[in-house]
Q: 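Quick one: the structure is below, and I'll ask about it shortly.
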Amino acid sequence: MGYTLQAIIARSPLLSAVKFPHTLAVPLEQGLELVPLVSAACEALGLEFLTLTDGGESELPPSFSSRCCEIAAHGKAAYIEAEYHGGDGIQACVMFHGAQQVGPVVVAGDAINQALRFLGVSRNPGEDEFSSVGFGTQRHTDDWLSA
């Protein structure tokens, strides 16, 4: 069974205050919110499906990056991607704060955990940050809207 995730994450209520086409903010554990970037939202925002991990791009499209910078004018935010199948896969993240990108694009096996630490997530005993916020509860980006 595969796993895909493409989303923006931030502390509540940062993302609930922003309007995104074809999607909405979903609460996570530890006071975070996730905006799942479903296919229709990606199309409206000019973002390819898993642009960094599957698409092999080294940067986000400028218009989407600008949108993330606008969100981060009011706090920290991160764009994240994950794609796994049969235990193999990769993750990516781009972190934002103070209306600018913080550091380069990260493509690594622990990229989402890096983004979650940046957002102040602490690990539950016996779990990593990824599990501690509940990312294992859904298998695909679209599932977050029906949860």
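Values below: all heavy atoms of this structure, side chains included; hydrogens, waters and symmetry mates excluded. Since the structure is predicted, the reported quantities are computational estimates derived from the model, not experimental observations.
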Q: Would you compute the distance between atom CG of Leu5 and atom CZ of Arg139 and round it to the nearest 0.5 angstrom?
A: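 Leu5 CG to Arg139 CZ: 11.0 Å, rounded to 0.5 Å.
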Q: Verify, without hydrogens or angle tests, whether Gln138 (side chain) and Trp144 (backbone) share a donor-acceptor contact under 3.5 angstrom.
A: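 Not confirmed, Gln138 side chain does not pair with Trp144 backbone.
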Q: Is there a side-chain contact between Pro36 and Val26 (heavy atoms, below 4.5 Å)?
A: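 When only atoms from C-beta onward are counted, Val26 and Pro36 do touch, with a gap below 4.5 Å.
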Q: Say whether Ile90 and Val94 are linked into one hydrophobic cluster, either directly or through other cluster members, by side-chain heavy-atom distances under 4.5 angstrom.
A: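 Cluster IDs for Ile90 and Val94 match.
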Q: Can you tell me how far SG of Cys93 sits from CG of Asn113, rounded to the nearest 0.5 angstrom?
A: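 Interatomic distance, Asn113 CG to Cys93 SG, rounded to 0.5 Å: 9.5 Å.
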Q: Find the distance between CD (Glu127) and CD (Glu29) and round it off to the nearest 0.5 Å.
A: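 It is 9.5 Å, given to the nearest 0.5 Å.
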Q: Which distance, rounded to the nearest 0.5 Å, do you find between the CG of Leu47 and the OG of Ser65?
A: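 These two atoms lie 10.5 Å from each other.
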Q: May I ask whether Leu37 and Leu15 are part of the same hydrophobic cluster, defined by side-chain heavy atoms of I, L, V, M, F, W, Y residues being less than 4.5 angstrom apart, directly or through others?
A: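 Both belong to a single hydrophobic cluster.
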Q: Within a reach of under 6.0 Å around CD of Glu43, are more than 12 heavy atoms found that belong to other residues, nucleotides or ligands?
A: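 It does not: Glu43 CD has 12 such atoms or fewer within range.
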Q: I'd like to know if the side chain of Arg11 and the backbone of Gln30 have a donor-acceptor N/O pair within less than 3.5 Å.
A: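 Pair found, side chain donor or acceptor close to backbone of Gln30.
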Q: Can you name the closest pair of heavy atoms from Ser132 and Asn124 and give their distance?
A: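 Closest pair (atom of Ser132, atom of Asn124, distance): OG-N, 2.8 Å.
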Q: Is any side-chain heavy atom of Val106 closer than 4.5 Å to a side-chain heavy atom of Phe118?
A: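 No, their side chains stay 4.5 Å or more apart.
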Q: Going by heavy atoms in the side chains, are Val105 and Ser58 under 4.5 Å from each other?
A: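 A side-chain contact under 4.5 Å is absent here.
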Q: Please give me the minimum heavy-atom distance between His22 and Ala40, naming the atom from each residue.
A: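 So the minimum-distance heavy-atom pair works out to CD2-O, 3.4 Å.
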Q: Identify whether Tyr3 and Ile112 are in the same connected component of the hydrophobic contact network (ILVMFWY, side-chain heavy atoms under 4.5 Å).
A: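 Shared cluster, yes.
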Q: Is there a side-chain contact between Ile8 and Val18, using heavy atoms and a 4.5 Å cut-off?
A: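 Ile8 does not reach Val18 side chain to side chain.
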Q: Do Phe49 and Asp54 have side chains that approach each other closer than 4.5 Å (heavy atoms only, starting at C-beta)?
A: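 Phe49 reaches Asp54 side chain to side chain.
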Q: Side chain of Glu70, backbone of Ala72: donor and acceptor closer than 3.5 Å?
A: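 Answer holds: no.
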Q: Might you point out which heavy atoms bring Asp142 and Ser39 nearest each other, and give the distance in Å?
A: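 Of all heavy-atom pairs spanning Asp142 and Ser39, the closest is OD1-N, 4.1 Å.
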Q: CD1/Ile80 to CD1/Ile9 distance, rounded to the nearest 0.5 angstrom?
A: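 Here the interatomic distance stands at 4.0 Å.
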Q: Taking C-beta and beyond as the side chain, do Phe135 and Leu34 meet within less than 4.5 Å on heavy atoms?
A: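 Yes, side chains in contact.
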Q: side-chain contact (heavy atoms from CB on, under 4.5 Å), that's the test. Do Leu116 and Leu32 meet it? Break it down for me.
A: CA-CA 9 Å; Leu116 291 170; Leu32 291 181; 3.7 Å; yes
Q: With a 4.5 Å cut-off on side-chain heavy-atom distances among I, L, V, M, F, W and Y, is there a chain of contacts connecting Val102 to Val121?
A: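 Yes, same cluster.
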Q: Answer yes or no: is there a donor N or O on one side and an acceptor on the other, between the side chain of Thr137 and the main chain of Gly134, under 3.5 Å?
A: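 Answer holds: yes.
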Q: Are the side chain of Glu81 and the backbone of Thr51 linked by a donor-acceptor contact shorter than 3.5 Å?
A: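 Side chain of Glu81 to backbone of Thr51, a donor-acceptor pair under 3.5 Å: yes, one is there.
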Q: Looking at every heavy atom in both Thr53 and Glu83, which two are closest together, and how far apart are they?
A: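 Thr53 and Glu83 have their closest heavy atoms at OG1-OE1, 4.1 Å.
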Q: What's the shortest heavy-atom distance between His140 and Gly2, and which atoms?
A: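 It is CE1-O, 3.7 Å.
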Q: Side-chain heavy atoms under 4.5 angstrom apart, residues restricted to Ile, Leu, Val, Met, Phe, Trp, Tyr: same cluster for Leu24 and Phe64?
A: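 Cluster IDs for Leu24 and Phe64 differ.
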Q: Walk me through it: do Tyr84 and Phe130 pass the test ring pair (Phe, Tyr, Trp, His ring centres under 6.0 Å)?
A: CA-CA 14 Å; Tyr84 285 90; Phe130 188 95; 7.7 Å; no
Q: State, yes or no, whether a side-chain contact exists between Arg67 and Leu60 at a heavy-atom distance under 4.5 Å.
A: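 A side-chain contact under 4.5 Å is absent here.
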Q: Rounded to the nearest 0.5 Å, what's the gap from CG on Leu50 to OG1 on Thr4? Could you check?
A: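 Nearest 0.5 Å value for the CG-OG1 distance: 6.5 Å.
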Q: Are the side chain of Ser146 and the backbone of Asp143 linked by a donor-acceptor contact shorter than 3.5 Å?
A: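 Confirmed, Ser146 side chain pairs with Asp143 backbone.
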Q: How close do Ala78 and Leu119 get, counting heavy atoms only, and between which atoms?
A: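 For Ala78 versus Leu119, the nearest heavy atoms are CB-CD1, 4.5 Å.
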Q: Can a donor-acceptor pair be found, under 3.5 Å and without considering hydrogens, that links the side chain of Glu48 to the backbone of Gly55?
A: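 No: the side chain of Glu48 does not pair with the backbone of Gly55.
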